[in-house]
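Only this structure's heavy atoms are used, side chains among them; waters, hydrogens and symmetry mates stay out. Sequential numbering from 1 along the given sequence is applied to the chain's residues.
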Amino acid sequence: MTTRLFSLLFLVLTADGLMVFLTPVVVYMLTGSLAYSGLSYAIWWLPRLILIPLIGKYIDNTGVRPLSIISDCIKVAGCLLLIFSNFTDPLTVAIAFGAVGSLISIGNSQTMIAYEKLIATLSVQREHHVNLMARMDFLGMIIGPIVGMLLIDYGYKNLLLIPCVFYLINAWYFFRAADQLNTVQLSESSSTAPEQQPFNRFIALRFILSTPLVLAIIGLALGNNMFDGLVESSGTALIDKNMQLPVKYFGLIDVAAGVCGVVGTYVYGAMLTMLSRRLLLSFGLVMIVIPSLLLIFHTSSLTIFILCYALTIIGKVITGNINRIIRIEIIPTSILASASSLVVLFCQSILPVVGFTLFLLAGNNGAVHYLMLCAVLISLLSGLLLLMLFRPEATAR
């Protein structure tokens, strides 16, 4: 694993962070409706759930490089579509931004699964590189929204040129730098017997369903994703209606979360040498549950909302890193991308449900609070189950 690879990962994730900021903000600015924001969010995630298993399969069978190039080119095409289109109908706005957002999120999944595969096959410091991968993710989450807040007043179409450039840089690198990626080694490590390749998804699915530890990981991530999805899809309306502030301040939520995410990677790195995974996971759960509950009961204060949500991110960094390293360690390398893509699929399946629920409830703010409570409960119960399933030898440092 090279510094250049992680620098490119940072560029791509910064572009993704900018798009994550732009989509809900622009949809709400153009429609003024939480319901349409929820619909856009559902459309953003639904195609991703269909295509993620295919992404994992093709990474295992064809390698990281070809899919990375295709993914970046598709994301550029989506951004250009928004730049050269003019929308007036609210439903069209929600569908268009949701569809392009889905291209971005599919590409984001491809990027993260590809780097898991690279770490599993090339890294001799897996926990360090998993943590570094999370750090790049959260740095992108900081820089992207900051750029968005600073430049949104110049027009969202001008802003869309920035992710276009970043995606093209990454595609060009993967197109030109086959040697640096050690494609021969990756090919040898990731290939399976020809007769097994068409059944990768079924082998991976059987492995997941027969491994309680992985099922507990899925439950914990599902609860965390549900909570984050509610914040992302309803945050603009809460800022506008509950806090009486301009919707561009929604970017502060992502920036604060990104800052705490980066802090979380350093906390995780420091605690990794001192605590077992069981204790690390326990600490992460506390950092998720308590601030989440405070946030739910103080949605009228921007300061408390941002602070509490940001603190939950530290817990999610810790639990997310533990989840990822467990997957890398216990899933056979030959089906790692396929199995990881299915895990991601299950974990994120709640997100379109969140979006459609908000749309059907016509943006009912009270319902958002109850859904947030359900999300926290799912995270807590799944985390406790994961603690029970940890074996002493698996958590010893």
**Item:** Common cluster, Leu11/Ile74, ILVMFWY with side-chain heavy-atom separation under 4.5 Å
**Value:** no
**Message:** Measuring only between side-chain heavy atoms, which start at C-beta, is Ile304 closer than 4.5 Å to Tyr309?
**Reply:** no
**Prompt:** Do Leu387 and Ser282 touch side chain to side chain, with heavy atoms closer than 4.5 Å?
**Reply:** yes
**Item:** Cluster link Phe10 to Val147, ILVMFWY, side chain under 4.5 Å
**Value:** yes
**same_hphob_cluster(Ile70, Tyr173) at 4.5 Å side-chain heavy-atom cutoff** = no
**Message:** Donor-acceptor check, side chain of Asn158 to backbone of Tyr154, threshold 3.5 angstrom: yes or no?
**Reply:** yes
**Asked** Looking only at atom types and distance, does a side-chain atom of Arg277 sit under 3.5 Å from a main-chain N or O of Ile322, one as donor and one as acceptor?
**Response** no
**Message:** Within this structure, what is the OH-CD1 distance for the pair Tyr268 and Ile325, rounded to the nearest 0.5 Å?
**Reply:** 6.5 Å
**Complete:** dist Leu30:CG -> Ser40:OG (nearest 0.5 Å) comes out at 10.5 Å
**Message:** Rounded at 0.5 Å granularity, tell me how far CG in Asp228 sits from CE in Met372.
**Reply:** 9.5 Å
**Prompt:** Given the rule that I, L, V, M, F, W and Y join up when any side-chain heavy atoms are under 4.5 Å apart, are Ile290 and Ile306 in one cluster?
**Reply:** no
**Item:** Trace of the side chain to side chain contact (heavy atoms under 4.5 Å, CB included) decision for Phe227 with Leu371
**Value:** CA-CA 8 Å; Phe227 191 89; Leu371 291 171; over 6 Å; no
**Item:** Stepwise side chain to side chain contact (heavy atoms under 4.5 Å, CB included) test for Met149 and Phe21
**Value:** CA-CA 9 Å; Met149 286 190 294; Phe21 163 81; 3.8 Å; yes
**Message:** For a 4.5 angstrom cut-off between non-hydrogen side-chain atoms, does Leu213 reach Ile326?
**Reply:** yes
**Request:** Compute the centroid of each ring, for Phe6 and then for His129, and state whether the two points are separated by less than 6.0 Å.
**Result:** yes
**Request:** Answer yes or no: is there a donor N or O on one side and an acceptor on the other, between the side chain of Thr23 and the main chain of Val20, under 3.5 Å?
**Result:** no
**Message:** Treating Ser102 as the side-chain partner and Ala99 as the backbone partner, does any N or O pair qualify as donor plus acceptor under 3.5 Å?
**Reply:** yes
**Prompt:** Passes side chain to side chain contact (heavy atoms under 4.5 Å, CB included), Leu293 versus Val376? Steps please.
**Reply:** CA-CA 8 Å; Leu293 293 175; Val376 175; 4.2 Å; yes
**Prompt:** Out of curiosity, does Met287 fall in the hydrophobic cluster containing Leu279 (side-chain heavy atoms, cut-off under 4.5 Å, transitive links)?
**Reply:** yes
**Asked** Do Lys157 and Asn86 get their side chains close enough for a donor-acceptor pair, meaning under 3.5 Å?
**Response** yes
**Arg324 charged N/C atom sitting above Tyr115 aromatic ring, 6.0 Å / 45°** = no
**Message:** Whether the side chain of Ser382 engages the backbone of Ser379 through a donor-acceptor N/O pair (distance < 3.5 Å, no angle test) should be reported.
**Reply:** no
**Asked** What distance separates Ile162 CD1 from Met19 CE, expressed to the nearest 0.5 Å?
**Response** 11.5 Å
**Note, Arg327 side chain near Val214 side chain (heavy atom, < 4.5 Å)** = no
**Backbone N/O of Cys347 and side chain of Asn225: donor-acceptor pair under 3.5 Å** = yes
**Request:** Answer yes or no: is there a side-chain heavy-atom contact under 4.5 Å between Leu281 and Ile318?
**Result:** no
**Fill in**
The reported gap from CG in Leu151 to OH in Tyr156 (rounded to nearest 0.5 angstrom) is 16.0 Å
**Val26 vs Phe97, side chain to side chain contact (heavy atoms under 4.5 Å, CB included): CA-CA, chis, key distance, verdict** = CA-CA 9 Å; Val26 174; Phe97 277 85; 3.4 Å; yes
**Request:** Verify, without hydrogens or angle tests, whether Thr273 (side chain) and Ala270 (backbone) share a donor-acceptor contact under 3.5 angstrom.
**Result:** yes
**Asked** Tell me, do Leu215 and Phe346 make a side-chain contact under 4.5 Å, heavy atoms counted?
**Response** no
**Request:** To the nearest 0.5 Å, tell me how far Asp72 CG sits from Thr111 OG1.
**Result:** 6.5 Å
**Prompt:** Tyr167 and Asp16: side-chain donor and acceptor closer than 3.5 Å?
**Reply:** yes
**Message:** Are Asp137 and Met112 packed together at the side-chain level, in the sense that at least one heavy-atom pair is separated by less than 4.5 angstrom?
**Reply:** yes
